[in-house]
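Numbered from 1 within each chain, the chains take letters A, B, ... in sequence-line order.
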Protein chains: 2
Amino acid sequence: MIRLLLADDQALVRGALSALLSLESDLEVVAEVGSGDAVLDAVRQHCPDVVLMDVEMPGLDGISGTQQVRAAFPGTRVLIVTTFGRPGFLRRAMQAGASGFVVKDTPAAQLADAVRRVHEGLRVVDPALATDSLVAGESPLTPRETEVLRAARDGSSVAGIASRLFLSEGTVRNHLSAAIGKTHAANRAEAVLTAESNGWL
Amino acid sequence: MIRLLLADDQALVRGALSALLSLESDLEVVAEVGSGDAVLDAVRQHCPDVVLMDVEMPGLDGISGTQQVRAAFPGTRVLIVTTFGRPGFLRRAMQAGASGFVVKDTPAAQLADAVRRVHEGLRVVDPALATDSLVAGESPLTPRETEVLRAARDGSSVAGIASRLFLSEGTVRNHLSAAIGKTHAANRAEAVLTAESNGWL
DNA sequence: TCGGCGACCTGACAAATGTCACGGGGGCTT
DNA sequence: AAGCCCCCGTGACATTTGTCAGGTCGCCGA
């Protein structure tokens with residue numbers, strides 16, 4: 001019997017996945033949580049074999065959650081299940097210690113198999129996504145550029161970003177200009193979009 | 001026996017919902033589709049009582065799909081199941097003829113009840129979302145303003161938008177300026193964000 | 001110890017953006 | 001017919017944005 005923990009912020013999806021996986025005779029969902037903060041406590045309490053983790057969650061995100069779980073319970077495997085196939089997500093998830101990475105538009109039948117393989121210690125990765133990850137490569141942005149670009153996501157002006165990050169306006173403009181260049185964008189907005197779609201933010 | 005059709009682009013979610021609803025003795029999932037274009041054919045072929053429809057789908061979106069289904073098969077009820085609780089989505093979905101609107105973070109146990117109520121001819125709407133919809137109101141944007149703002153989503157320049165919409169640059173600027181004013185934004189980017197979060201695009 | 005790199009700043013410049021005032025035309029209702 | 005709203009356009013204007021060239025500082029590896 002493989003003991004499972006589900007972590008997903010959408011209750012409906014959580015319950016539905018639980019129903020789907022409970023159909024398998026060798027799988028057992030022992031707990032469900034709806035936020036990243038609750039994952040570690042739930043693992044401590046229920047000692048699951050595998051954690052199914054969503055990336056986008058309120059509180060602690062799935063990547064950080066994976067790190068925490070792996071650090072505290074090295075025997076527990078983590079399988080990331082996410083909506084968006086951002087190349088950067090895959091890379092960061094694996095570096096954080098995840099054993100598998102499944103996108104939500106894979107057929108339902110494959111999920112149980114993925115869980116079993118992860119439980120056996122194998123790695124499960126969507127092949128198409130893996131190649132994307134190789135093509136897109138690591139983020140070319142420096143930490144500061146990433147931070148500035150992330151602050152620009154909500155459409156703030158240079159002045160707003162500068163005051164929020166305690167920087168000079170000129171510095172912000174320079175960082176933005178660098179980020180625009182590195183993302184081959186023409187715009188701050190375009191730079192945000194491509195960086196986001198690559199999982200660099 | 002209530003016959004169901006599932007329309008959702010994410011195969012995993014689709015299968016999971018199918019598993020969840022099949023647990024109920026009075027519900028039966030007779031078909032699943034992964035794109036909006038396939039909905040009408042599937043309804044014609046399987047004659048479901050209720051269609052569970054996602055809003056964001058490739059091809060035809062859920063709103064238009066609802067319209068088509070209601071026009072061709074007035075007896076078939078549509079229950080919208082979506083990730084985002086955009087006020088505008090709710091409004092447009094109801095106008096398109098949907099019988100219910102459920103957000104994906106409602107508890108899984110309530111979904112079956114929602115399906116049964118919709119099947120009985122009742123309307124099912126998340127109360128919190130309904131008030132949001134009243135507060136946010138209808139889109140203040142004119143059709144043209146909406147179109148221009150939608151074209152600005154990918155970070156295009158004024159020139160790019162103008163050429164794509166066969167407009168003068170000045171006209172595009174005027175429409176954008178109007179949209180910025182109506183959304184109480186300071187920016188084109190901010191205007192896009194608030195309009196998007198209200199479901200006005 | 002030196003070179004390279006990233007973070008930070010300044011100043012200046014061209015280009016893009018947002019705003020305003022002002023038109024004309026068409027469709028709608030009163 | 002008059003008034004209203006939307007669409008489309010022009011021109012001018014101030015502001016913002018993106019780029020470039022320069023310079024200081026601290027860190028790290030060769």
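Between B:L176 and B:R173, the closest side-chain pair of non-hydrogen atoms is not below 4.5 Å.
The CD atom of B:E169 sits 16 Å away from the P atom of D:dA12 (whole-angstrom rounding). For A:E190 and C:dT17, the CD to P distance is 11 Å, given to the nearest whole Å. Computed from coordinates, the B:L149 CG to C:dT17 C1' distance equals 15 Å when rounded to whole Å. In this structure, A:L167 atom CG and C:dC8 atom P are separated by 5 Å, rounded to whole Å. Whole-Å rounding puts the A:N187 CG to C:dA15 C1' distance at 12 Å. Here the P atom of nucleotide D:dT17 and the CD1 atom of A:I180 are 11 Å apart, to the nearest Å. One atom, NE2 of B:H175, and another, C1' of C:dT19, lie 15 Å apart when rounded to the nearest Å. Regarding A:F166, its CZ atom lies at a distance of 12 Å from the P atom of C:dC9, rounded to whole Å.
B:T142 has no side-chain polar atom (N or O) that falls below the 4.0 Å cut-off from OP1 or OP2 of D:dC5. For B:T171 and D:dG9, the shortest distance from a side-chain N or O to OP1 or OP2 is below 4.0 Å. Residue B:S177 places no side-chain N or O under 4.0 Å from the OP1 or OP2 atom of C:dC20.
Between B:S64 and B:D61, the side chains place a donor N or O and an acceptor N or O closer than 3.5 Å (distance only, hydrogens not considered). Judged by distance alone, the side chains of A:T82 and A:E56 do bring a donor and an acceptor atom under 3.5 Å apart.
Between A:R164 and A:D154 there is a salt bridge, with a side-chain nitrogen of the basic residue lying less than 4.0 Å from a carboxylate oxygen of the acidic one.
Across the interface with DNA chain D, nearest-nucleotide mapping of B:R173 and B:R144 shows B:R144 to be the residue nearer the 5′ end.
For D:dT10, its base sits under 3.5 Å from the side chain of B:N174 at one donor and acceptor pair at least.
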